[in-house]
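Working notes for the structure below.
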Amino acid sequence: MTRNPAIHPFLEACNRRPVPRVPLWIMRQAGRYMPQYQEVRGKVDFLTLCRTPELATRVTLLPIELLKVDAAILFSDILIPLEPMGVHVAFAEGEGPVLDPAVRSEKDIRALRSFDPREGVPFVMEAVRMIRRELDGKVPLIGFSGAPFTLATYMAEGGTSKSFHHIKTLLFARPDLADLLLDKLVTVVADYLNAQIAAGAQAVQIFDTWGGILAGPDYERFALSPVKKVIARLERKGVPVIYYLNNGAYLASFMEHLDCDVLGIDWRQDIRLTRRTLGKKKAIQGNMDPVALFADPGTVQAKACEVLRAAGPEPGYIFNLGHGILPQTPMENAVALVEAVHSFRY
Ligand code: CP3
């Protein structure tokens, strides 16, 4: 039986319509802090989990059942679409991703392929369809992709990095090659998000985890401009587009002309100010410090109320953390957080 097309506070807030209470979801809400996730991971490795729609579906639903968050996010990883481009992705236990070959030379970049997501990553679209069926209208499903610059960073570095030596050298020494790489990623990311929307994603988030390592003008040229090209190519059909930028407080002035519906911000950015300025045209999502979840449940709730008060009662606000929930977070604190946000009234 299908439910009536319910009004979802999350989608209402994305569209800056009034809601009876502030909706929330948590970046990385299905993750290692959750004993029930660990149980599944004890049996299969992370990439197998991402590539098996039944398992990805089960894990996607965990935070809906256990925490009662207001949106589901597809369980996958931003690095998944790099494999069909020709880059092998592995996760060394506890060490983060390893990409091979690292993409640094003209030859490396020219060898990258674009692909039809329904053929290159069919399990992602299958998971989207399966999750929608299981959710049966209970909460909306968010699809996602990495932003072109963030993906290029992982590709050039071959994994995570502290100095971002390789990607920055490429931008500074060979901007022509950087443009070639980023253009290829624009195509891949736009096709990938369009395929998720076609399969049933009801919102999409573009994760720009590393945009904030660049000086303003470089950010505009190599990170923001590709994101604008991606958004221009989306077949949105009313699906809200969320742009999450980590460490982007100093880049706020660039956001005004970005055609996203929702802007995700981290804890370093003043949410009161952001709501008064950018919030006039976009919904704002964020921005509690994930480390605040390491305190006792009472402090977690007080911190959440601080963020809610700073964000204020005007329509167009979605509660979230400023970055992903950390693996060391006590589960009871995640529960306390959701209760605090759900019981808060202006
Ligand atoms: O939000 C969700 O619950 C959906 C699933 C999701 C994951 N990764 C699962 C994951 C999403 C949306 C991501 C996005 C992602 N992946 C980003 C952007 C967001 C951010 O955090 O900045 C980035 C940069 C990645 C790349 C990535 N994936 C890294 C660097 C790592 C290793 C570091 C770490 O935290 O372990 C991952 C692994 C990963 N992705 C895990 C999960 C649950 C842990 C894997 C495991 O179970 O061992």
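Minimum interatomic distance between A102 and D108 (heavy atoms only, all atoms of both residues): O-OD2, 3.5 Å. Of all heavy-atom pairs between Y154 and L99, the closest is O-CD2, 3.9 Å. In plain terms, the two heavy atoms of G146 and L151 that are nearest each other are O-CD1, 3.7 Å. The shortest non-hydrogen separation linking L171 to A178 is CD2-CB, 3.7 Å. Between P175 and F222, the closest heavy-atom pair is CB-CZ, 4.0 Å. Nearest heavy atom pair, residue E157 against residue R104, reads O-NH2, 3.4 Å.
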>> Between K282 and C260, is the side chain to side chain contact (heavy atoms under 4.5 Å, CB included) condition met? List the steps.
In response: CA-CA 7 Å; K282 298 178 196 321; C260 63; 3.8 Å; yes

> Stepwise, does the side chain to side chain contact (heavy atoms under 4.5 Å, CB included) test hold for V204 with I197?
Replying inline: CA-CA 8 Å; V204 289; I197 293 170; 3.9 Å; yes

> Step by step, would you call D176 with R174 a salt bridge (Lys or Arg N to Asp or Glu O under 4.0 Å)?
Replying inline: CA-CA 5 Å; D176 58 319; R174 291 298 306 270; 2.8 Å; yes

> Under the side chain to side chain contact (heavy atoms under 4.5 Å, CB included) criterion, do L170 and L181 qualify, and how do the steps go?
Replying inline: CA-CA 10 Å; L170 183 69; L181 172 59; 4.0 Å; yes

> Could you go step by step and tell me if Q285 and Q205 meet the side chain to side chain donor-acceptor pair (under 3.5 Å) rule?
Replying inline: CA-CA 11 Å; Q285 174 178 283; Q205 175 153 322; 3.1 Å; yes

>> Could you go through F319 and M288, starting from their C-alpha distance and side-chain angles, then the distance that decides it, and tell me whether this counts as side chain to side chain contact (heavy atoms under 4.5 Å, CB included)?
In response: CA-CA 8 Å; F319 187 97; M288 186 166 120; 3.8 Å; yes

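Residues K184 and S114 have side chains not in contact (no heavy-atom distance under 4.5 Å, counting atoms from C-beta outward). Taking 4.5 Å as the limit, every side-chain heavy atom of D45 sits out of range of all side-chain heavy atoms of L49. For the pair M331/L66, a side-chain contact is recorded, criterion being any heavy-atom separation below 4.5 Å from C-beta on. Looking at I265 and L245, their side chains never come closer than 4.5 Å, going by heavy atoms from C-beta outward. Counting heavy atoms from C-beta outward, M34 and L62 have side chains that approach closer than 4.5 Å. In this structure, L263 and I284 have side chains that are in contact, with non-hydrogen atoms separated by less than 4.5 Å. In this structure, the side chains of I26 and L337 come closer than 4.5 Å at one or more pairs of heavy atoms. Two residues are said to be in side-chain contact when any heavy atoms from C-beta on lie closer than 4.5 Å; T57 and F75 fail this criterion.
Under the 4.5 Å side-chain heavy-atom criterion for grouping Ile, Leu, Val, Met, Phe, Trp and Tyr, V291 is not connected to V300 through any hydrophobic cluster. By the rule that hydrophobic residues join a cluster once side-chain heavy atoms approach within less than 4.5 Å of another member, V128 and L47 end up as members of one cluster. Following chains of ILVMFWY side-chain contacts shorter than 4.5 Å, one can reach M125 starting from L135, so the two form part of one hydrophobic cluster. The hydrophobic clustering, which links ILVMFWY residues whose side-chain heavy atoms are closer than 4.5 Å, places F207 and V239 together. Hydrophobic clustering (side-chain heavy atoms under 4.5 Å, transitive across Ile, Leu, Val, Met, Phe, Trp, Tyr) keeps F294 apart from V307.
At a threshold of 4.0 Å, the pair E54-R58 does not count as salt-bridged, since none of the basic side-chain nitrogens sits closer than that to a carboxylate oxygen. By the 4.0 Å N-to-carboxylate-O rule, K303 lies too far from D289 to be salt-bridged with it. Of the charged side-chain nitrogens involved, at least one lies within less than 4.0 Å of a carboxylate oxygen, so that E83 and R51 count as a salt-bridged pair.
Remark: the backbone N or O of I80 is not paired with any side-chain donor or acceptor of D77 at under 3.5 angstrom. Between the R275 side chain and the L278 main chain, no donor and acceptor come within less than 3.5 Å of each other. Within the 3.5 Å criterion, the main-chain N or O of R132 finds no donor-acceptor partner in the side chain of D136. For the pair E235 (side chain) and N194 (backbone), a donor-acceptor distance under 3.5 Å is absent. Listed for the D259 side chain is no donor-acceptor partner under 3.5 Å among the backbone atoms of K228. With hydrogens and angles ignored, the 3.5 Å screen pairs a side-chain donor or acceptor of Q38 with a backbone N or O of R32. Proximity of a side-chain donor or acceptor of D218 to a complementary backbone N or O of L214 within less than 3.5 Å is not detected. Although no hydrogens or angles enter the test, the distance criterion places a donor-acceptor pair under 3.5 Å between the side chain of K168 and the main chain of I213. At distances below 3.5 Å, at least one donor-acceptor pair connects side-chain atoms of N320 with backbone N or O atoms of M27. One N or O on the side chain of Q301 and one on the backbone of A336 form a donor-acceptor pair closer than 3.5 Å.
Centroid-to-centroid, the aromatic rings of F46 and F91 come within less than 6.0 Å. Annotation: W210 is not in aromatic contact with F149 [ring centroid separation under 6.0 Å not met].
Between the NE2 atom in H8 and the CG atom in D70 there is a gap of 10.5 Å [rounded to 0.5 Å]. Note: E119 CD to D116 CG = 4.5 Å, rounded to the nearest 0.5 Å. Atom-to-atom distance recorded for M85:CE and L79:CG is 12.0 Å, nearest 0.5 angstrom. Here CZ of R309 is found 13.5 Å from CD1 of I271. Values are rounded to the nearest 0.5 Å. Atoms OG1 and CG, from T187 and D183 in turn, are 7.0 Å apart once rounded to the nearest 0.5 Å. One finds the CE atom of M155 at 4.5 Å from the CG atom of L112 (value rounded to the nearest 0.5 Å).
For the residue pair Y244/N246, the side-chain donor-acceptor check at 3.5 Å is satisfied. Residues D208 and T150 bring a donor and an acceptor atom of their side chains to less than 3.5 Å of each other.
Annotation for E39: atom CD does not count as buried by contact number, only 12 or fewer foreign heavy atoms lying within 6.0 Å. R129 CZ: more than 12 foreign heavy atoms inside a 6.0 Å radius.
Here the options are V139, V262, I142, V69, the test is side chain to side chain contact (heavy atoms under 4.5 Å, CB included), and the partner is F10; only I142 passes. Of the options R17, R236, R16, a salt bridge (charged side-chain N to carboxylate O under 4.0 Å, His left out) to D261 is made by R236 and by none of the others.
Between Y219 and F254, the ring-plane angle classifies as tilted under the 30° and 60° cut-offs.
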